[in-house]
Amino acid sequence: MALIYIVEDDESIQEIEAVALKSAGHETLVFSDAKSFYSKLDQILPDLVLLDVMLPDENGNEIIKKLRTRPETRKLPVIMVTAKTSEMDLVRGIENGADDYLKKPFSVMELISRVKALLRRTVSEQDEKIIFHEIEINNVRHSLQVAGEEVTLTYKEHELLKYLIINKGNVLTRDQIMSKVWGTYYEGESRTVDMHIKTLRHKLGKAGEYIKTVRNVGYLAE
């Protein structure tokens, strides 16, 4: 399951995209303007963005250019959604950094197919290694080293650590962690996340200090 942000001011299209993606097993958050999108983006990074070109406060092409200048969003997968059909409009979106585009009107099957293909491609192009302080995650081998020493994690512990590091500096709520790592919401339930954080810190040894508790909110890596 992926977390997908839908940036679209047309409510009917918002609904079509959200329903289609949820039926395909993904989690979605919807934004009607660039301002609210940026605000959420500073809190947590999605796995993919569906970005409309014509928004009330900023053009989608300007948004994608900004995303590509920020280190944390430079590789964020983006599909541009546009009613403009000229070749120049489509080329402009790709040149600005979009990974793919959808022309309105589009079918639900086309939407799901393009999202699936881009997510699959993104995973295959993932950085081989993620390095955070003395922690090194190898995405190809699904292994972890801390200060050069191999550390064995369960699959969920591995995904939890990777999620925290990818969003380093950002506070992640327990619900966000449950949704991303476990693929579901456990509203009001904190024990599962808290127990995994506890065992993860223990396995990381001294490096476990990089996982901070934000009281009454959640966790962050810094």
Side-chain angles (χ1 to χ4, degrees), residues 1-127 159 163 166-167 175-176 179-185:
M1 184 190 76
L3 172 60
I4 299 176
Y5 285 179
I6 298 171
V7 191
E8 169 66 64
D9 63 329
D10 187 316
E11 292 185 1
S12 62
I13 297 178
Q14 283 181 2
E15 184 176 2
I16 290 171
E17 293 177 343
V19 170
L21 292 170
K22 287 177 182 178
S23 69
H26 302 299
E27 179 191 352
T28 64
L29 289 177
V30 178
F31 309 92
S32 297
D33 53 47
K35 182 179 179 180
S36 59
F37 168 60
Y38 287 139
S39 178
K40 192 63 177 179
L41 201 63
D42 287 336
Q43 298 175 27
I44 184 169
L45 292 176
D47 296 295
L48 184 145
V49 176
L50 285 177
L51 178 61
D52 185 34
V53 172
M54 302 302 293
L55 294 168
D57 55 347
E58 189 172 0
N59 185 279
N61 284 309
E62 294 303 314
I63 293 174
I64 188 68
K65 284 195 287 186
K66 289 180 180 179
L67 294 179
R68 295 310 181 227
T69 62
R70 297 171 57 179
E72 65 270 25
T73 57
R74 183 169 54 88
K75 294 185 178 181
L76 179 62
V78 178
I79 297 178
M80 299 289 286
V81 183
T82 177
K84 297 183 176 183
T85 57
S86 75
E87 183 177 357
M88 185 55 66
D89 288 323
L90 300 177
V91 169
R92 185 178 295 114
I94 298 298
E95 287 183 341
N96 286 333
D99 298 281
D100 200 355
Y101 63 85
L102 273 170
K103 292 189 292 183
K104 299 177 183 177
F106 53 82
S107 71
V108 168
M109 291 302 295
E110 181 183 13
L111 169 65
I112 298 301
S113 176
R114 287 182 180 271
V115 167
K116 183 178 180 181
L118 181 53
L119 287 172
R120 184 170 58 242
R121 189 166 82 235
T122 303
V123 170
S124 68
E125 293 174 353
Q126 225 177 27
D127 290 340
E159 292 301 299
Y163 186 46
I166 288 174
N167 290 280
D175 282 346
Q176 287 172 332
S179 176
K180 178 64 178 179
V181 178
W182 278 266
T184 187
Y185 279 114

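Computed from a predicted structure; not experimentally measured. Any value given below was found using the heavy atoms of this structure, including those in side chains, with hydrogens, waters and symmetry copies removed.
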Using 0.5 Å steps for rounding, measure from the [atom1] atom of [X] to the [atom2] atom of [Y].
{"X": "Leu29", "Y": "Leu41", "atom1": "CG", "atom2": "CG", "answer": "11.5 Å"}
{"X": "Leu119", "Y": "His26", "atom1": "CG", "atom2": "NE2", "answer": "5.5 Å"}
{"X": "Ile16", "Y": "Phe106", "atom1": "CD1", "atom2": "CZ", "answer": "6.5 Å"}
{"X": "Asn96", "Y": "Lys66", "atom1": "CG", "atom2": "NZ", "answer": "12.5 Å"}
{"X": "Glu58", "Y": "Tyr38", "atom1": "CD", "atom2": "OH", "answer": "3.5 Å"}

Glu110 atom CD, neighbour heavy-atom count above 12 within 6.0 Å = yes
For a quick test of reading the model, state the closest non-hydrogen atom pair linking [X] to [Y] and the distance between them.
{"X": "Val108", "Y": "Ala20", "result": "CG1-CB, 3.6 Å"}
{"X": "Pro46", "Y": "Leu76", "result": "O-CD1, 3.3 Å"}
{"X": "Leu45", "Y": "Asn167", "result": "N-OD1, 3.0 Å"}
{"X": "Ile64", "Y": "Ala98", "result": "CG1-N, 3.7 Å"}

Donor-acceptor pair between Tyr5 and Glu27 side chains, under 3.5 angstrom = no
Report yes or no: do Glu11 and Ser32 form a side-chain donor-acceptor pair below 3.5 Å?
-> no
Using 4.0 Å as the upper bound for N to carboxylate O, is an ion pair formed by Asp99 and Arg68?
-> yes
Listed partners of Lys65 passing side chain to side chain donor-acceptor pair (under 3.5 Å), at least two apart = Glu62
Could you walk me through whether Val49 and Phe37 pass the side-chain contact (heavy atoms from CB on, under 4.5 Å) test, one step at a time?
-> CA-CA 10 Å; Val49 176; Phe37 168 60; 4.1 Å; yes
Sequence neighbours excluded, the answer for side-chain contact (heavy atoms from CB on, under 4.5 Å) partners of Asp57 is Asp33, Ala34, Lys35, Leu55
When Ile4, Leu50, Leu51 are each screened for side chain to side chain contact (heavy atoms under 4.5 Å, CB included) with Ile79, the one that passes is Leu50
Only one of Gln14, Glu17, Met80, Lys104 passes side chain to side chain contact (heavy atoms under 4.5 Å, CB included) with Asp52; say which it is.
-> Lys104
Test Tyr163 against Gln176 for side-chain contact (heavy atoms from CB on, under 4.5 Å), laying out the working first.
-> CA-CA 10 Å; Tyr163 186 46; Gln176 287 172 332; 4.2 Å; yes
Audit row: Val115, Leu21, side-chain contact (heavy atoms from CB on, under 4.5 Å) steps and yes/no | CA-CA 9 Å; Val115 167; Leu21 292 170; 4.0 Å; yes
Do Leu48 and Val78 touch side chain to side chain, with heavy atoms closer than 4.5 Å?
-> no
